[in-house]
Amino acid sequence: AGATPYIEIDGSETIKLVEDNLWLKTQPQNSTPSFEQISHLFARAEPVSSTIGGTGAYVTKINISNTFSSQQARFVKLHSNYLDIGTAYWQPEQGEAIDLKSFGQMDGTNPKLAHSQAFSIALNNQANGTLWIYIQAKQFATPVTVTIYSEPAFYQDQFATNSISTITFSVMLTLGLIACFIYFRTQYLVTLACAGYIGLHGLGWFVASGSFGHLFNGLPFNPVYLGMLIFPFAIACACQFTKLLFNCQQDHPRLATAFNALALASIIVGILMLFMSFNDAFILSHVVAAVWTPLCIGTGLFMLSKNDFRAKYYLIGNLVYGLSLSFYIVSHLLKLNGNIYPELIVQIALTIDCACILMSLAEWLQIQQKEYRHSYAVSRIDPLTQIGNRFAQTEKLASLTGGYCLTFIDLDGFKAINDKHGHDMGDKCLIDTVDVIQNHLDRLGVIFRSGGDEFILVTDVADVEHSKRLVKTISTALLNADKALQQTKWQGIGFSFGIASSFETDSQSDCLALADQRMYQHKQDKKNARHAYTQTT
Ligand SMILES: Nc1nc2c(ncn2[C@@H]2O[C@H](COP(=O)(O)OP(=O)(O)OP(=O)(O)O)[C@@H](O)[C@H]2O)c(=O)[nH]1
């Protein structure tokens, strides 16, 4: 270890200590050690160059001198994501060592700070002394830097750090909840996977930032570690989401297998992690991330190369997240000392990623909606004549609220066309006949092909008088249509029809039956008239 560092408390807002050779490795303790224990441990501690990747307990002492002529309050912040036990003592040059408040994550008395721990120290005027710090955790994921803040600078830093952290995991949790609600409404599995993907990431950071522990302190275990344990389950959801988003089962079976395999592996890892040491769990989680990140970015690039526009948001989000993770790793390895924590940058990037993921889900839902609308329309259109079919007719009848008029139309002599010229010509005849009907009746209501050579015209009617007038108008229109048909090559075809209104009957089925009956009567009358005509000639 190098010489004991020395800090002069002057006018500076913040004083940062380089982490190199600051800490000494010592024996972990079962409970918060006393000053005597710490000084004892310090004497036998092993020098280490850095705490990064370390586990267990570390101890340090820092000489501090207050150059002010007044008492000074300062905050000491340690950048340590995990911290089971943290305790510090101020040993003035003269006098007894003073116990500063414990600042571990299991202790509820320290100032609440996302991703870090802090404690306060009051330095008498012109005081010289030694600050002893003991820290203990299952894992030191980052170099544990020590920064000394003036009171205003600390509160400012605390506000910014906690705000950014809270906003990001709140946004993630909210987006996850939105995806969850979409699942309840649509039952699409992709939305459930999306809810898991975003929601579990949000929950993970809520726990990992320390905020969960700050809200629910007094737990028998340190909840901050749980953040890492949630991660593989979030990745399992992310795999399923990606697979379903790009319809991999149908379009890219090999990718689907890869995502299923990684999802299964992540779940197994996630369960195993609960039973292994946190250090192993920590490494395994990073292995999962190392497989997932290139896989999702590669998939995004591949899908974009196939012009799949769902990939655009997916790729942007994962690139932002991937870059932030790289920055996180590099910043810790190179011990970059920016003003903003790399964890917060990852959290911000992940929030952007989650928003992009939800956008890609929206794209997916939009495609579904378009397909649904298309099949909805197609299922209600008669493919031969392109007018509404019986299904559409049933819906129209069900939607009627006021008075209505139903016209039953049946072709005369259609079977003969089929018999004489074949079904293809019969089809053509039907198409032409519908054209003629539409030209004459379109403005009078909606026409449906109820089957074979039968059609129904549905008209909304205001009152009895209106329905009486309508009977005349429709009859005239159909007689004109009949005449028009005679001008085409289908002279043998004619229309028989019957009209009934809701004012004459009690129900729609009665109204339909009455119109059918009148149509049949009309057909019979025409047949009789033809018969009589043939007899007289
Ligand atoms: N080409 C063709 N024929 C069809 C189609 N749907 C039903 N048909 C035929 O239409 C004919 C309807 O029979 P009918 O109602 O007895 O025909 P019609 O000659 O008009 O007899 P009336 O109604 O008594 O005047 C049957 O031969 C069906 O096979 C179709 O989509 N295409």
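What you are looking at is a predicted structure, and each value in this text was computed from that prediction instead of being measured.
Closest non-hydrogen pair, Ser170 versus Thr174, comes out as O-OG1, 2.6 Å.
Evaluation of the side-chain contact (heavy atoms from CB on, under 4.5 Å) rule for Val224 yields Tyr82, Gln105, Asn222 as partners, not counting sequence neighbours. In this structure, Asp99 has no side chain to side chain donor-acceptor pair (under 3.5 Å) partners at least two apart in sequence or on a different chain. Listed by chain and number, the residues in a side-chain contact (heavy atoms from CB on, under 4.5 Å) with Gln37 are Gln29, Pro33, Ser34 (sequence neighbours excluded). With sequence neighbours left out, Tyr155 forms a side chain to side chain donor-acceptor pair (under 3.5 Å) with no residue at all. In terms of the ring pair (Phe, Tyr, Trp, His ring centres under 6.0 Å) criterion, residue partners of Phe302 (sequence neighbours excluded) are, by chain and number, His252. Every residue two or more places apart in sequence or in another chain was checked for a side chain to side chain donor-acceptor pair (under 3.5 Å) with Trp292, and none qualifies. Applying the side-chain contact (heavy atoms from CB on, under 4.5 Å) rule to Lys101 yields the partners Thr109; only residues at least two apart in sequence or on another chain are considered. Residues passing the side chain to side chain donor-acceptor pair (under 3.5 Å) test with Gln249: none are found, sequence neighbours excluded. For Thr293, the side-chain contact (heavy atoms from CB on, under 4.5 Å) criterion is met by Ile297, Leu325, not counting sequence neighbours.
Relative orientation of the Phe154 and Phe75 rings is parallel, given thresholds of 30° and 60° on the angle between their planes.
Taking the side chain as every heavy atom from C-beta outward, His115 and Gln347 approach each other to under 4.5 Å. Looking only at side-chain heavy atoms (C-beta outward), Trp23 and Val146 come within less than 4.5 Å of each other. Side-chain contact between Thr168 and Leu350 is absent, with no heavy atoms from C-beta onward closer than 4.5 Å. Cys194 is listed as a side-chain neighbour of Leu358, based on a closest heavy-atom distance under 4.5 Å.
Pairs passing the side-chain hydrogen bond (donor to acceptor under 3.5 Å, both in side chains) check and including a residue from residues 189-207, sequence neighbours excluded, read Tyr197-Asn318. Within the structure, salt bridge (Lys or Arg N to Asp or Glu O under 4.0 Å) contacts touching residues 178-198 (residues at least two apart or in different chains) do not occur. Sorted by first and then second residue, the side-chain hydrogen bond (donor to acceptor under 3.5 Å, both in side chains) pairs with a member in residues 233-244 read Gln240-Lys243, Gln240-Asn260, Thr242-Tyr314, Lys243-Asn260; sequence neighbours excluded.
Each of Leu319, Ile352, Val346 was compared with Ser324 under the side-chain contact (heavy atoms from CB on, under 4.5 Å) criterion, and only Val346 meets it.
At a threshold of 4.0 Å, the pair Asp308-Arg310 counts as salt-bridged, since one of the basic side-chain nitrogens sits closer than that to a carboxylate oxygen.
Atom CD1 of Ile178 and atom CD1 of Ile198 lie 8.5 Å apart (nearest 0.5 Å). The distance from atom CZ of Phe42 to atom OH of Tyr134, rounded to the nearest 0.5 Å, is 14.0 Å. In this structure, Leu304 CG and Lys312 NZ are separated by 9.0 Å, a value rounded to the nearest 0.5 Å.
Side-chain contact of His40 with Gln27: a donor-acceptor pair under 3.5 Å is absent, judged by distance alone.
Applying the 6.0 Å contact sphere to CZ of Arg390 captures no more than 12 heavy atoms from other residues, nucleotides or ligands.
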